[in-house]
Amino acid sequence: MPHWLLKSEPDVFGYPDLERVGREPWNGVRNYQARNFLRQMAEGDLCLFYHSRSKTPGVAGVARITRAAHTDDLQFDPASAYFDPKSDPSQPRWSMVEVEAVRAFPAVLTLEAIRALPEWADSPLTRKGSRLSVLPVTPEQFGAALAAAGLALIN
DNA sequence: GCCAACGTTGGC
DNA sequence: GCCAACGTTGGC
């Protein structure tokens with residue numbers, strides 16, 4: 001099963017917010033590479049939920065895909081910050097998925113700690129300058145992150 | 001098709 | 001809040 005990592009700014013929507021709401025549409029992705037990964041996701045896929053632009057950036061918990069990619073309607077809403085006037089309704093440009101909270105990490109697994117894991121040496125997350133907000137995670141990376149957080153594997 | 005200018009991301 | 005790095009846009 002593929003694994004993923006989703007970035008979110010905790011000041012806007014953090015892992016505790018996901019736990020509070022239960023399920024959340026993952027909309028507003030407006031980057032083609034990230035969108036293409038969203039489109040590869042299947043219901044049941046597990047994700048690391050990452051806090052970016054935080055005082056302590058890192059993984060805050062595990063989430064699960066509860067709905068595969070479908071049209072992100074915000075692209076057609078002129079009042080939305082995610083409105084895209086160039087998107088053709090007969091062939092929508094942007095997709096979203098839906099996620100739910102699975103388990104919070106006991107403490108945020110910091111980017112610094114992730115960089116120390118050999119499994120994560122080659123990842124868009126740890127690559128300098130990379131801003132990709134949706135990215136694939138190998139089973140080894142996923143397992144190493146959980147182990148470093150002190151959690152057993154999740155199925 | 002090039003590339004400068006721009007807006008955005010995200011660690012620090 | 002700063003600013004390096006990036007993706008996108010649009011003039012040419």
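In what follows, chains are A, B, ... by sequence order, proteins preceding strands, each numbered from 1.
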Next on the checklist: Other members of the hydrophobic cluster containing A:Trp94, with the 4.5 Å side-chain heavy-atom rule, please.
Outcome noted: A:Tyr32

Next on the checklist: Does A:Arg93 form a salt bridge (Lys or Arg N to Asp or Glu O under 4.0 Å) with A:Asp84? I'd like the steps, not just the answer.
Outcome noted: CA-CA 9 Å; A:Arg93 183 179 287 192; A:Asp84 183 354; 3.4 Å; yes

Checklist entry - How would you label the contact of A:Lys86 with the nucleic acid (heavy atoms, under 4.0 Å): base, sugar-phosphate, or nothing? => result sugar-phosphate

Checklist outcome for this item: CH2 of A:Trp26 to OG of A:Ser133, rounded to nearest 0.5 Å, is 9.0 Å

Next on the checklist: Assuming nearest nucleotide by heavy-atom distance, tell me which of A:Arg93 and A:Lys128 is located more 5' along DNA chain C.
Outcome noted: A:Lys128

In residues 3-12 of chain A, what donor-acceptor pairs under 3.5 Å come from side-chain atoms, sequence neighbours left out?
{"residue": "A:Trp4", "atom": "NE1", "partner": "A:Asp45", "partner atom": "OD2", "Å": "2.9"}
{"residue": "A:Lys7", "atom": "NZ", "partner": "A:Leu132", "partner atom": "O", "Å": "2.9"}
{"residue": "A:Ser8", "atom": "OG", "partner": "A:Phe13", "partner atom": "O", "Å": "2.5"}

Checklist outcome for this item: 5'-most to 3'-most nt of DNA chain C touching chain A (<4.0 Å, heavy-atom partner on protein side) reads C:dC2 to C:dG10

Checklist entry - So A:Thr66 and A:Glu100, side-chain hydrogen bond (donor to acceptor under 3.5 Å, both in side chains) or not? Walk me through it. => result CA-CA 7 Å; A:Thr66 53; A:Glu100 69 177 357; 5.6 Å; no

